[in-house]
Amino acid sequence: MTYDDIPHLSAKIKPKQQKVELEMAIDTLNPNYCRSKGEQIALNVDGACADETSTYSSKLMDKQTFCSSQTTSNTSRYAAALYRQGELHLTPLHGILQLRPSFSYLDKADAKHREREAANEGDSSQDEAEEDVKQITVRFSRPESEQARQRRVQSYEFLQKKHAEEPWVHLHYYGLRDSRSEHERQYLLCQGSSGVENTELVKSPSEYLMMLMPPSQEQEKDKPVAPSNVLSMAQLRTLPLADQIKILMKNVKVMPFANLMSLLGPFIDSVAVLRGIQKVAMLVQGNWVVKSDILYPKDSSSPHSGVPAEVLCRGRDFVMWKFTQSRWVVRKEVATVTKLSAEDVKDFLEHMAVVRINKGWEFILPYDGEFIKKHPDVVQRQHMLWTGIQAKLEKVYNLVKETMPKKPDGQSGPAVLVSGDQRVQVAKSKAQQNHALLERELQRRKEQIRASTVLPGVRIKEEPMSEEGEEEEEREVEEDEEPMDTSPSRGLHNRLANGLPAGRAAGGDSFNGHPPPGCANTPVARELRAFVEATFQRQFVLTLSELKRLFNLHLASLPPGHTLFSGISDRMLQDTVLAAGCKQILVPFPPQTAASPDEQKVFALWESGDMSDQHRQVLLEIFSKNYRVRRNMIQSRLTQECGEDLSKQEVDKVLKDCCVSYGGMWYLKGTVQS
């Protein structure tokens with residue numbers, strides 16, 4: 001049976017969308033037609049009562065609708081061919097549509113079913129509803145901003161609504177053998193009477209084939225229209241590796257490294273993937289969680305509360321950081337700390353956790369210990385990044401700093417406050433446990449010194465060391481300065497270095513895996529000094545806490561195995577700062593200050609080589625006697641010391657280099673306590 005054998009009812013088109021609907025009759029007298037099914041479908045769609053709005057007026061499914069869809073967006077390589085009398089006539093195509101059955105009548109049947117159920121429920125509960133009086137809250141919508149309007153116009157729902165509003169243009173269908181169809185078909189034939197007029201065809205076969213099928217040129221505008229979050233794996237693998245990783249993490253949110261490698265394909269280098277994943281995701285419990293600024297780019301805002309992206313990123317980072325400390329997070333706690341709406345907090349948690357009744361939110365994936373053991377260098381760099389993020393969060397949210405270090409497996413429990421006596425007891429127990437190791441190491445070192453330095457015939461008297469002295473020495477080992485967290489084996493190095501005799505340690509032996517601060521020609525010392533000088537050239541005033549945070553971020557950017565990963569102590573960092581031409585400013589903090597000891601150590605670059613050195617030195621001397629100062633006092637002191645009237649721009653430059661303003665007063669950078 002052909003289309004001409006079936007009586008067509010109507011056809012219509014939406015020109016702007018190039019969308020066609022063709023409605024044709026179904027031969028209900030055909031022996032293959034099931035009449036009972038047709039009646040049942042009509043009853044489900046239109047109900048028992050037929051009216052003008054009925055889809056099937058004959059109470060029988062007697063017609064079928066076909067809707068068009070684009071088969072390809074680039075039709076420049078296609079043509080319609082007609083062969084007649086030994087000639088091949090080609091006509092270029094500007095669009096190709098494929099007709100597919102439309103099942104919109106099923107949606108109508110579902111809607112009718114829901115209406116009937118709602119009506120039945122409404123009749124049974126009508127009496128109860130009349131008696132219940134509920135309080136309602138009236139909210140007035142705010143005026144729509146330009147940014148919100150643009151987002152609404154670009155949304156998928158708005159585009160669908162605009163497409164639905166375009167009116168249909170009804171067409172009349174003519175059959176294949178109709179005279180009008182034959183007339184239109186004549187346009188497919190070339191109208192030229194001779195081949196002389198077709199000068200373009202006087203070409204070689206290869207040139208003609210090149211004209212007929214030009215090389216494909218992929219253009220961005222030719223890509224098929226699809227929602228922004230829909231991308232096939234075939235399209236994904238045509239993108240660069242960095243874009244593939246970013247798109248996958250943005251859609252999945254949380255993923256183990258093994259799953260990511262399986263999605264990218266078997267021939268992708270894992271080292272390149274590790275390098276790319278660290279740019280778009282953070283390591284949480286051995287799994288990768290997409291970074292907040294990828295989900296909330298700059299200049300965006302929350303769809304629920306309208307808060308800017310910067311606040312959302314900070315709140316989501318807090319949730320991610322909490323999951324690095326424990327597998328469980330309570331939503332109320334997050335909302336209390338971040339001061340964000342319940343909807344925003346719920347979005348954060350749904351990205352990376354699942355809710356458990358009466359327990360809270362649990363991290364969605366199990367701890368990936370295999371990745372932690374296989375890639376310790378990546379884990380260490382991520383730990384440095386989390387240390388910097390934690391310092392920011394503590395400053396922004398006024399969090400109480402955790403006093404217990406993280407467990408090495410990355411699944412540390414909640415923070416516990418430890419008293420000073422307990423710390424001493426822990427130090428004693430550790431010293432006793434390592435007593436044998438330290439004693440053997442000390443004896444070995446003494447023998448080396450005796451073999452290398454003692455002259456023949458000379459004996460050195462050795463005084464026995466009492467147990468009390470040994471315990472005191474071990475206590476000093478544990479309570480000595482604590483090195484920065486840049487090496488997992490820092491505690492052992494400290495005990496070995498501090499267990500040596502004073503003369504040996506001062507004679508140039510290594511300390512924490514590197515030479516002591518006085519050896520400025522070693523690679524570690526040179527690298528550390530270069531970092532300190534570059535940092536203070538950018539920021540003239542820094543607290544020790546901020547300097548350590550910047551140093552951790554610097555370590556995270558270095559390749560694995562770099563010399564600075566050998567372990568840098570706080571004392572070595574401070575000595576390097578002083579050796580680089582900086583001075584410590586003894587700022588008189590108030591007695592009730594909440595600043596930590598590291599935040600009270602303030603260092604400033606004394607001489608940078610520019611014209612403002614003298615002005616900065618006067619300013620730093622002022623803050624060595626005052627915690628906060630008014631601008632007029634700074635202005636008068638600068639004029640008095642420098643002996644000249646400084647312009648407002650010069651004073652502003654000095655203040656910008658070294659100070660911050662808060663509540664009408666000026667403070668050195670990093671010392672203000674809000």
Side-chain angles (χ1 to χ4, degrees), residues 1-27 63-104 159-160 162-164 166-226 230 232 234-235 238:
M1 181 180 292
T2 63
Y3 282 161
D4 287 335
D5 300 326
I6 302 176
H8 291 78
L9 299 181
S10 63
K12 52 186 179 180
I13 184 174
K14 289 187 176 183
K16 292 183 180 180
Q17 304 175 39
Q18 296 184 358
K19 185 176 181 181
V20 176
E21 273 194 6
L22 186 64
E23 192 178 78
M24 62 175 58
I26 298 177
D27 186 7
K63 58 185 177 180
Q64 174 69 55
T65 302
F66 292 83
C67 288
S68 66
S69 62
Q70 285 191 357
T71 58
T72 179
S73 59
N74 184 9
T75 59
S76 60
R77 301 170 61 88
Y78 297 91
L82 184 64
Y83 186 78
R84 178 172 293 185
Q85 297 179 359
E87 296 177 345
L88 182 65
H89 299 261
L90 298 176
T91 303
L93 299 179
H94 298 287
I96 301 176
L97 300 178
Q98 181 181 13
L99 291 175
R100 296 179 178 178
S102 173
F103 300 99
S104 58
L159 294 177
Q160 289 293 99
K162 292 292 291 183
H163 289 171
E166 183 180 356
W168 287 100
V169 177
H170 291 271
L171 307 176
H172 185 74
Y173 179 82
Y174 295 97
L176 182 64
R177 299 182 181 86
D178 192 273
S179 59
R180 295 194 182 186
S181 297
E182 182 63 29
H183 176 72
E184 291 293 331
R185 199 156 43 247
Q186 294 298 321
Y187 287 112
L188 298 177
L189 301 175
C190 181
Q191 303 300 321
S193 58
S194 64
V196 180
E197 298 179 2
N198 299 330
T199 56
E200 293 185 0
L201 298 182
V202 186
K203 295 181 181 294
S204 64
S206 61
E207 291 176 339
Y208 175 68
L209 287 175
M210 184 64 67
M211 291 175 55
L212 186 63
M213 297 187 65
S216 175
Q217 296 181 354
E218 297 181 1
Q219 300 179 1
E220 292 293 332
K221 63 181 180 180
D222 293 335
K223 290 183 178 179
V225 179
V230 175
S232 66
Q235 291 175 317
T238 61

Exercise for review: List for me each residue that meets side-chain hydrogen bond (donor to acceptor under 3.5 Å, both in side chains) alongside Q186, sequence neighbours excluded, and say none if there are none.
Suggested key: E182
Check your understanding: What residues form a side chain to side chain contact (heavy atoms under 4.5 Å, CB included) with S69, not counting sequence neighbours?
Key -> Q98, R100
**Study point:** Heavy-atom closest pair, residues S102 and Q64
**Key:** O-NE2, 3.2 Å
Study note, to complete from the structure: Residue set satisfying side chain to side chain contact (heavy atoms under 4.5 Å, CB included) with L188, at least two apart, ordered chain then number -> L82, T91, R185
Revision key, fill the gap. To the nearest 0.5 Å, atom CZ of R84 lies from atom SG of C190 at 13.0 Å
